[in-house]
Amino acid sequence: SENAACNKVKSIMTVHQGKGRGYAVSTNEELEFVTQFAMETGIVLDPVYSGKALFHFLKHVVEEHPNDFQGKNILFWHTGGSLGLYDKGNDLDLDAVSPVKRLEVYGASTGDGGEGIAI
């Protein structure tokens, strides 16, 4: 039955709720975590949803109760959220970790008095 399935899921799964300072409001520590995590794992987390969620899970759940997770499987459901990177792109300190520069393609000066793409 549906109730039995619900009870089975609840017996093997724990959902942790958490939030940061607010929607699209990130601390420097959260932004540094997202950048470092991407460099170390190759997995890009957005700083609005997935990055903030994993940061707080590791910082406030796993670090505070490490024995609860020792030898256990943990599923972190990364739902994407890459659009959150656009708004926070300037807040991420990518210059320190990558030679890649952001292209300003809309109305940016080319340096010669003309308008166009700045590389």
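Position 1 is the first residue of the sequence, and the numbers go up from there.
- For the atom pair Leu54 CG and Ile74 CD1, the distance stands at 9.5 Å (nearest 0.5 Å).
- Applying the salt bridge (charged side-chain N to carboxylate O under 4.0 Å, His left out) test to residues at least two apart or on different chains, none of the pairs has a partner in residues 66-75.
- With sequence neighbours left out, the side chain to side chain donor-acceptor pair (under 3.5 Å) criterion links Glu63 to no other residue.
- Between the side chains of Gln36 and Glu40, a donor-acceptor pair is found at a separation under 3.5 Å.
- The nearest pair of heavy atoms linking Val25 to Lys52 is O-NZ, 2.9 Å.
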Q: Under the side-chain contact (heavy atoms from CB on, under 4.5 Å) rule, what do Phe37 and Val44 come out as? Steps first, then yes or no, please.
A: CA-CA 7 Å; Phe37 188 83; Val44 178; over 6 Å; no
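- Using bins of under 30°, 30° to 60° and over 60° for the plane-to-plane angle, the ring pair Tyr23/Tyr49 lands in the tilted bin.
- Considering only residues two or more places apart in sequence or on other chains, Ser11 meets the side-chain contact (heavy atoms from CB on, under 4.5 Å) condition with Lys8.
- Here the closest non-hydrogen pair linking Pro47 and Ser26 is O-OG, 3.3 Å.
- Checked for salt-bridge contact, Lys59 and Glu29 meet the test: a charged N lies under 4.0 Å from a carboxylate O.
- Remark: Glu64 CD is packed, more than 12 non-hydrogen atoms of other residues, nucleotides or ligands lying under 6.0 Å away.
- Remark: Phe76 CZ to Leu45 CG distance equals 6.5 Å, nearest 0.5 Å.
- Two residues are said to be in side-chain contact when any heavy atoms from C-beta on lie closer than 4.5 Å; Phe55 and Val34 fail this criterion.
- The structure places CD of Glu2 at 11.0 Å from CG of Asn7, a figure rounded to the nearest 0.5 Å.
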